[in-house]
K.L.:
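Take this structure, written in structure tokens, and hold onto it; I'll ask about it next.
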Amino acid sequence: MSPLLLYLSLLFSLITTIISFHHRRRHVISGPPTYPLIGCLISFYKNRRRLLDWYTTLLSQSPTNTIIITRLGARRTIVTANPSNVEYILKTNFPNYPKGKPFTDILGDFLGYGIFNVDGDAWRAQRKLVSHEFTARSLKEFFITTLEEEVEKELIPMMERLAENEKAVDLQELLRRLTFNMVCRVSLGVERCCLDPKEPEQPLSKAFDAASTICARRGAAPLGVVWKVKRLLGVGSEKELKEAVGEVHKAVSEMIASKKEVMGNNNGDDKDLLSRLIAAGYEEVEIRDIVISLIMAGRDTTSAAMTWLFWLLSSHRGMESAVVEEATRAVTRMEGLEDMKLLKACLCESMRLYPPVVWDSKHAVVDDLLPDNTPVRAGDRVTYFPYGMGRMEGIWGKDWFEFRPERWFVDNEEKSCELKRVCPYKYPIFQAGPRVCLGKEMAFVQMTYVVASILRRFEIRPVSQKRPVYVPLLTAHMAGGLNVVVKRRCQSKTETR
């Protein structure tokens, strides 16, 4: 072959490779405007107060529902709303996508070595222990008994008093206190705090809020180096975090010491999870970190889901009436929960639109290629995005923006009375794969029982007609709470018990 032909051949091959690369990049890899050195820092900063909607728009415009975010001061991040990618990350190639050190750095001061903040052997050991306890019949029975007591003896009397006065109350705060009481009694075996939002908040709960908020801001900071410098110097929000974490550690450690003393005197039982962890021989620091993770998981997630559902139902009176009718028809107390399929569909639909956990990140161990051909480099943050997934037309159809519980029934009709089995990688509200939420069943039982118990007896009417603001922290919540007026339902239409 002549030198000219060889040169032309190599040139043609190079041009073909470049065209192919750009064609593949244009059709597979999407993201915001990115520049040398700074990456997408300008766009990120401009949209920092609306990251959820910004990411969702970018994902919906991407042919693969996956985007790549590169910016100065942060590691390369892949954000996906593609169910095939989610399944690959959470199950198919699970070993390559642990939480990773960058994640544990952000939450380590708060969660320590608890189950939500560890990988490898430490995670497997804790998972095995907690899984065994969560499936134990005795713990389930204790959970149900505790739930009935909290609702019938505390929540309903509180709602009765509110209905008498017809004064506005923050329903989100009331439900947060209820779920905090539940997790404290079931996980720690300690007595409850007052449900009334007008009463002072328990110090442990207040410290938990502060620590969660500051850790969430760490993860969303445009430049991660800022919070690291503040931590090094012990100033600003990092000083507040240290104080809040110290308060949480002190409170939980005191509970552990008190529980050990009770167990040592044989004056208590071992129904709560803390007693079981102590009996299993775990060290105090390990127990403390596990308990903190469990409190975080059980405290705000279900209360947030219920708060958004009450608001949605107040905006959809026809659906609310149907749920009230179902709750009234169902057998009272726990026996009728399985019959409340419409209420479960409403909960699923509410969490699709307003998931308690907005996103979850893993960090790649080695280079990889996702099912949609997105290249992953070792060390990349790989994030799946439930909030955005609930807004993808390709997953939920053109009516994704509507609150339509019927979509959860077979044939999209409520009258079918049969709920669909939705792929967990299409709807990863409770994660999926090996790290699927162990408390999923208990969460649905708690939410169904609480919502049905309230709606059967009371009308919940928001004070403001404005759309609430969804705030994404470690667990999402409604900005400013949900101020409502509580009214008794007409006794001729519904039972009181």
Side-chain angles (χ1 to χ4, degrees), residues 114-116 126-156 158 174-193 195 202 204-205 208 252 255-256 259 262-263 268-280 282 287 290-306 309 327 330-340 343-344 347-348 351 356 429-431 436-454 475:
I115 189 170
F116 295 147
Q126 291 187 35
R127 176 84 180 188
K128 183 178 180 180
L129 172 68
V130 177
S131 176
H132 173 74
E133 299 302 341
F134 267 61
T135 55
R137 181 176 179 180
S138 56
L139 184 64
K140 288 183 178 180
E141 290 174 349
F142 179 53
F143 171 80
I144 289 173
T145 300
T146 303
L147 178 59
E148 287 182 329
E149 289 178 358
E150 285 294 329
V151 170
E152 304 300 333
K153 295 181 180 180
E154 298 296 328
L155 176 63
I156 297 307
M158 179 73 202
L174 193 156
L175 293 173
R176 285 175 74 247
R177 293 189 180 209
L178 174 70
T179 54
F180 183 65
N181 289 346
M182 279 296 300
V183 76
C184 281
R185 290 189 63 188
V186 174
S187 295
L188 302 174
V190 299
E191 288 304 313
R192 55 187 173 268
C193 64
L195 287 184
Q202 193 180 71
L204 174 59
S205 180
F208 234 92
V252 174
M255 292 176 190
I256 294 172
K259 179 64 67 174
V262 171
M263 293 174 67
D269 53 43
D270 60 352
K271 292 181 180 179
D272 61 88
L273 192 56
L274 176 57
S275 297
R276 294 164 184 262
L277 291 173
I278 293 172
Y282 275 73
I287 295 173
I290 293 173
V291 166
I292 290 172
S293 287
L294 294 176
I295 291 176
M296 189 185 74
R299 174 175 172 260
D300 290 339
T301 50
T302 52
S303 62
M306 290 188 287
L309 177 59
V331 179
T332 57
R333 298 188 183 273
M334 292 293 170
E335 293 84 354
L337 294 187
E338 292 183 1
D339 298 327
M340 297 185 199
L343 177 50
K344 184 172 182 180
L347 283 165
C348 290
M351 289 189 288
I429 302 301
F430 294 92
Q431 278 218 43
V436 66
C437 176
L438 291 170
K440 177 180 177 179
E441 181 185 342
M442 288 185 178
F444 268 113
V445 168
Q446 178 171 277
M447 292 188 292
T448 304
Y449 187 68
V450 171
V451 173
S453 297
I454 292 175
T475 51

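The residues of the chain are indexed from 1 along the displayed sequence.
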K.L.:
Are any of the side-chain heavy atoms of L204 and M255 separated by less than 4.5 Å?
P.N.:
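Yes, close enough: below the 4.5 Å cut-off.
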K.L.:
I need the I429 CD1 to L347 CG distance, nearest 0.5 Å.
P.N.:
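It comes to 12.0 Å.
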K.L.:
Hey, are the side chains of I256 and L277 touching, using non-hydrogen atoms and a 4.5 Å cut-off?
P.N.:
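Not touching, per the 4.5 Å side-chain cut-off.
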K.L.:
Hey, does M340 have a side-chain heavy atom less than 4.5 Å from the side chain of L337?
P.N.:
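Yes, side chains in contact.
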K.L.:
Can you see whether S205 engages R299 through a side-chain donor-acceptor pair at a distance of less than 3.5 angstrom?
P.N.:
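On atom types as modelled, these side chains qualify, holding a pair under 3.5 Å.
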K.L.:
When rounded to the nearest 0.5 angstrom, what distance separates NZ in K344 from CD in E338?
P.N.:
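Reported to 0.5 Å precision, the distance equals 9.0 Å.
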K.L.:
Determine all donor-acceptor pairs shorter than 3.5 Å in which one atom belongs to a side chain in residues 439-448; sequence neighbours excluded.
P.N.:
| from | atom 1 | to | atom 2 | distance (Å) |
| --- | --- | --- | --- | --- |
| Q446 | NE2 | T302 | OG1 | 3.0 |
| T448 | OG1 | F444 | O | 2.7 |

K.L.:
In the structure I gave you, are the side-chain heavy atoms of D300 and P356 within less than 4.5 Å of one another anywhere?
P.N.:
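They are not in contact (no side-chain heavy atoms under 4.5 Å apart), so the answer is no.
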K.L.:
Quick check: do L147 and V450 have side-chain heavy atoms less than 4.5 Å from each other?
P.N.:
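Result yes, sub-4.5 Å side-chain heavy-atom pair found.
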K.L.:
Holding to side-chain contact (heavy atoms from CB on, under 4.5 Å), I want the full list of residues that pass it with Q126, two or more places apart in sequence or in another chain.
P.N.:
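Only I115, V118, I290 meet the side-chain contact (heavy atoms from CB on, under 4.5 Å) criterion with Q126.
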K.L.:
Search all heavy atoms of T179 against all heavy atoms of G298 and return the closest pair with its distance.
P.N.:
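Heavy-atom minimum between the residues: CB-O, 3.9 Å.
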K.L.:
Measure the NE2-CG distance between H132 and L438 for me, rounded to the nearest 0.5 Å.
P.N.:
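Answer for the NE2-CG pair, H132 versus L438, is 13.0 Å.
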K.L.:
Taking C184's backbone N and O only, do any of them form a donor-acceptor pair with S187's side chain (distance below 3.5 Å, no angle check)?
P.N.:
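Checked: no pair found.
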K.L.:
Given N181 and E154, is the side chain to side chain contact (heavy atoms under 4.5 Å, CB included) satisfied, shown in steps?
P.N.:
CA-CA 10 Å; N181 289 346; E154 298 296 328; over 6 Å; no
K.L.:
When you look at L129 and Y282, which way does the side chain to side chain contact (heavy atoms under 4.5 Å, CB included) test go after all the steps?
P.N.:
CA-CA 10 Å; L129 172 68; Y282 275 73; 3.2 Å; yes
K.L.:
Does the side chain of L273 reach to within under 4.5 Å of the side chain of V186, using non-hydrogen atoms?
P.N.:
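A side-chain contact is absent here, since even the closest heavy-atom pair is not under 4.5 Å.
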K.L.:
Apply side chain to side chain contact (heavy atoms under 4.5 Å, CB included) to residues R276 and L139 and explain how you reach the verdict.
P.N.:
CA-CA 10 Å; R276 294 164 184 262; L139 184 64; 4.3 Å; yes
K.L.:
Might you point out which heavy atoms bring S275 and K259 nearest each other, and give the distance in Å?
P.N.:
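In this case the closest contact between S275 and K259 is OG-CD, 3.2 Å.
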K.L.:
I454 vs M306, test: side chain to side chain contact (heavy atoms under 4.5 Å, CB included). Steps then yes/no.
P.N.:
CA-CA 11 Å; I454 292 175; M306 290 188 287; over 6 Å; no
K.L.:
Indicate yes or no for a side-chain donor-acceptor contact from T145 to the backbone of F142 under 3.5 Å, with no hydrogens or angles considered.
P.N.:
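No, the answer is negative, given that no donor and acceptor are paired below the 3.5 Å cut-off.
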K.L.:
Please report the shortest heavy-atom distance between V436 and F430, naming the atom on each side.
P.N.:
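Smallest heavy-atom distance, with atoms named: CG2-O, 3.5 Å.
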K.L.:
Once rounded to the nearest 0.5 Å, what's the spacing between atom OG of S453 and atom CD of E152?
P.N.:
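Those atoms lie 5.5 Å apart.
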K.L.:
For F116 and S293, which heavy atoms make the closest approach, and how far apart are they?
P.N.:
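Reported closest heavy-atom pair: CE1-O, 3.0 Å.
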K.L.:
Going by heavy atoms in the side chains, are M182 and T146 under 4.5 Å from each other?
P.N.:
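The answer is yes, as the side chains (C-beta and beyond) meet within the 4.5 Å cut-off.
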K.L.:
Quick one: pull up CZ in F143 and CD in E148 and give me the separation to the nearest 0.5 Å.
P.N.:
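Output value for this atom pair is 10.5 Å.
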